[in-house]
Structures are given as C-alpha cells and as structure tokens.
Amino acid sequence: MTELRLAEVTRDNVGAACKLSVASHQESYVAPVAISLAEAYAQPDVAWPRLVFDGDVPVAFVMGAFEPGNPLEFFRAGVWRLNVGAGQQGNGYGRFAVEGVLAECRRRGIAKATVLWQPGEHSPEAFYLKLGFRKTGDVFHGQHVEALEL
C-alpha cells in the first residue's frame, strides 16, 4: 500500500470507477459500480459515493447513505455499497473504505451506522463483524442488518 485516500467520483474518474469489478464469485452480492452511481445520481441528497485510491490507482468503491429521516432506522446512515476490485482484496482497502463512511457518520454527528448484506457462501458477513458491526436480528428483503455504535 502506498497512500490511501477517498475521493469523490467526478467526470475525470467516473470511467475508472465503472471499470472496478469484484471477483466473479461475489457478483451476486453487490451491484456493479455503474448501478450504484446511477442510484447516487437519482438520490444525490442521500448517497455518498467515493473511490478509494492507492496512490493514483482506483482499488475500491464505497457508497455511504445518509437519510436521517428515513422511517426505517437501518437506512438512516451507513454503508450502502462496497466494491473492492478483483485481486485487490486482503490489502485493507475495504476496511479503509468502511472507515471512511464511519468517519463521515461521525462528522455528521451520527451515533449508529448500519450495513445490509445478503447471506451465502461468499457473503461479507465475517468482514463486517471483524470491523465491529453486530447482528441486529433484522432481515430486510433477504438482507441481514448489522449495526455499529459510533
């Protein structure tokens, strides 16, 4: 790892963002970056899309969601998407991305962050548990909800 940084998705790097893809066995667990960016475009007041760069190389994409007035508590703040490039996992990029969303939560004065994940053989459950998220017991449209008190 060189210097990791989060950067806004701009017209200068959106092409690189859309080229990021997860490992093939993870494709059923997370939407492609292009879909996430379309959702961000449709909900600019909620979505917080960012690229993770290692030096000048984009290695991951993360999108936080911030909607304090959402009637569903687990949609008020947290990690909406995380795509770490195929072959890039295990280098701390996912952790860095999630920590960036958590830092933004804290900056906004938010006390709890959530993440939803789909169960299965290659689910990200263990990754999020290792970061301190805890199971809530809630399931929404087949996705399990985990929360982290900040």
Side-chain angles (χ1 to χ4, degrees), residues 4-23 25-54 58-86 88-89 91-120 122-150:
L4 297 184
R5 63 184 171 88
L6 280 179
E8 289 186 40
V9 178
T10 67
R11 67 181 180 186
D12 294 328
N13 63 27
V14 70
C18 290
K19 289 178 185 174
L20 275 174
S21 60
V22 297
H25 65 274
Q26 297 171 324
E27 290 173 350
S28 63
Y29 293 94
V30 64
V33 173
I35 297 293
S36 296
L37 289 174
E39 290 173 344
Y41 177 82
Q43 299 179 73
D45 54 329
V46 173
W48 191 79
R50 297 293 188 268
L51 276 172
V52 175
F53 284 87
D54 188 348
V59 293
F61 170 83
V62 66
M63 188 158 68
F66 300 99
E67 189 176 10
N70 194 303
L72 298 174
E73 182 181 14
F74 49 82
F75 283 144
R76 293 181 186 157
V79 178
W80 190 355
R81 295 278 161 64
L82 176 61
N83 304 63
V84 178
Q88 301 290 352
Q89 294 179 6
N91 294 313
Y93 302 138
R95 173 182 290 274
F96 181 82
V98 171
E99 287 174 354
V101 173
L102 299 178
E104 182 64 14
C105 286
R106 289 181 186 100
R107 189 189 72 75
R108 293 174 184 232
I110 296 168
K112 183 193 295 187
T114 58
V115 64
L116 282 74
W117 53 269
Q118 183 179 353
H122 300 288
S123 83
E125 175 185 15
F127 169 76
Y128 288 114
L129 289 173
K130 190 166 41 169
L131 292 180
F133 285 85
R134 296 292 170 246
K135 296 178 184 182
T136 65
D138 292 327
V139 177
F140 183 78
H141 294 286
Q143 294 189 343
H144 294 240
V145 180
E146 292 181 356
L148 177 66
E149 299 293 330
L150 301 172

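Below, each value reflects all heavy atoms present in this structure, side chains not excepted, and no hydrogens, waters or symmetry copies. Numbers for residues simply follow the sequence, beginning at 1.
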pair Phe53-Val59: side-chain heavy atoms closer than 4.5 Å: no
Applying side chain to side chain contact (heavy atoms under 4.5 Å, CB included), name anything that partners Glu27, two or more places apart in sequence or on another chain. Val22, Ser24
On a heavy-atom basis, the closest approach of Leu82 and Val30 is O-CG2, 3.6 Å
Note: Ala17 and Val9 closest approach over all heavy atoms is CB-CG1, 4.5 Å
I need the minimum non-hydrogen distance between Pro58 and Leu51, along with the two atoms involved. CB-CD2, 4.4 Å
Which pairs, with at least one residue in residues 141-150 and sequence neighbours excluded, count as a side chain to side chain donor-acceptor pair (under 3.5 Å)? Trp117-Glu146
Listed by chain and number, what are the side chain to side chain contact (heavy atoms under 4.5 Å, CB included) partners of Ala103, not counting sequence neighbours? none
So, using side-chain hydrogen bond (donor to acceptor under 3.5 Å, both in side chains) as the criterion, who are the partners of Arg11 when residues are at least two apart? none
Hits for side chain to side chain contact (heavy atoms under 4.5 Å, CB included) against Thr136, two or more places apart or cross-chain, chain-then-number order -> Asp138, Val145, Ala147
Do Leu116 and Trp80 pass the side chain to side chain contact (heavy atoms under 4.5 Å, CB included) test, and can you show the C-alpha distance, the side-chain angles, and the key distance before you say yes or no? CA-CA 7 Å; Leu116 282 74; Trp80 190 355; over 6 Å; no
Which heavy atom of Ala113 sits nearest to which heavy atom of Leu102, and what is that distance? CB-CD2, 3.5 Å
Distance-only check: which donor-acceptor pairs under 3.5 Å involve side-chain atoms of residues 61-77, not counting sequence neighbours?
unit_1: Glu67; atom_1: OE1; unit_2: Asn70; atom_2: ND2; d: 3.1
unit_1: Asn70; atom_1: OD1; unit_2: Leu72; atom_2: N; d: 2.8
unit_1: Glu73; atom_1: OE2; unit_2: Lys112; atom_2: NZ; d: 3.0
unit_1: Arg76; atom_1: NE; unit_2: Asn70; atom_2: O; d: 2.8
unit_1: Arg76; atom_1: NH2; unit_2: Asn70; atom_2: O; d: 3.3

Could you tell me whether the side chain of Asn83 reaches within less than 4.5 Å of the side chain of Leu20, counting heavy atoms only? no
Under the criterion side chain to side chain contact (heavy atoms under 4.5 Å, CB included), I'd like the reasoning laid out for Gln88 against Asn91: C-alpha separation, chi angles, the key distance, then a yes or no. CA-CA 6 Å; Gln88 301 290 352; Asn91 294 313; 4.0 Å; yes
Counting only pairs under 3.5 Å, give me each side-chain donor-acceptor contact of residues 123-134, with atom names and distances, residues two or more places apart or in other chains.
unit_1: Ser123; atom_1: OG; unit_2: Glu125; atom_2: N; d: 3.3
unit_1: Glu125; atom_1: OE2; unit_2: Lys135; atom_2: NZ; d: 2.8
unit_1: Arg134; atom_1: NH1; unit_2: Leu129; atom_2: O; d: 3.3

Return the minimal non-hydrogen interatomic distance between Cys105 and Leu150, and the atom names on each side. CB-CD1, 3.4 Å
In chain order, what residues pass the side-chain hydrogen bond (donor to acceptor under 3.5 Å, both in side chains) check against Trp48, with sequence neighbours excluded? none
Donor-acceptor contacts, no H, no angles, side chain residues 35-47, under 3.5 Å, sequence neighbours left out:
unit_1: Ser36; atom_1: OG; unit_2: Arg81; atom_2: NH1; d: 2.8
unit_1: Glu39; atom_1: OE1; unit_2: Arg81; atom_2: NH1; d: 2.7
unit_1: Glu39; atom_1: OE1; unit_2: Arg81; atom_2: NH2; d: 3.0

For Arg106, the salt bridge (charged side-chain N to carboxylate O under 4.0 Å, His left out) test, sequence neighbours excluded, returns none
Write down the atom of Ala60, the atom of Tyr93, and the distance for their closest heavy-atom approach. CB-CB, 4.4 Å
Take Arg50 and Glu104 through the test side chain to side chain contact (heavy atoms under 4.5 Å, CB included) and record every step on the way to the result. CA-CA 11 Å; Arg50 297 293 188 268; Glu104 182 64 14; 6.0 Å; no
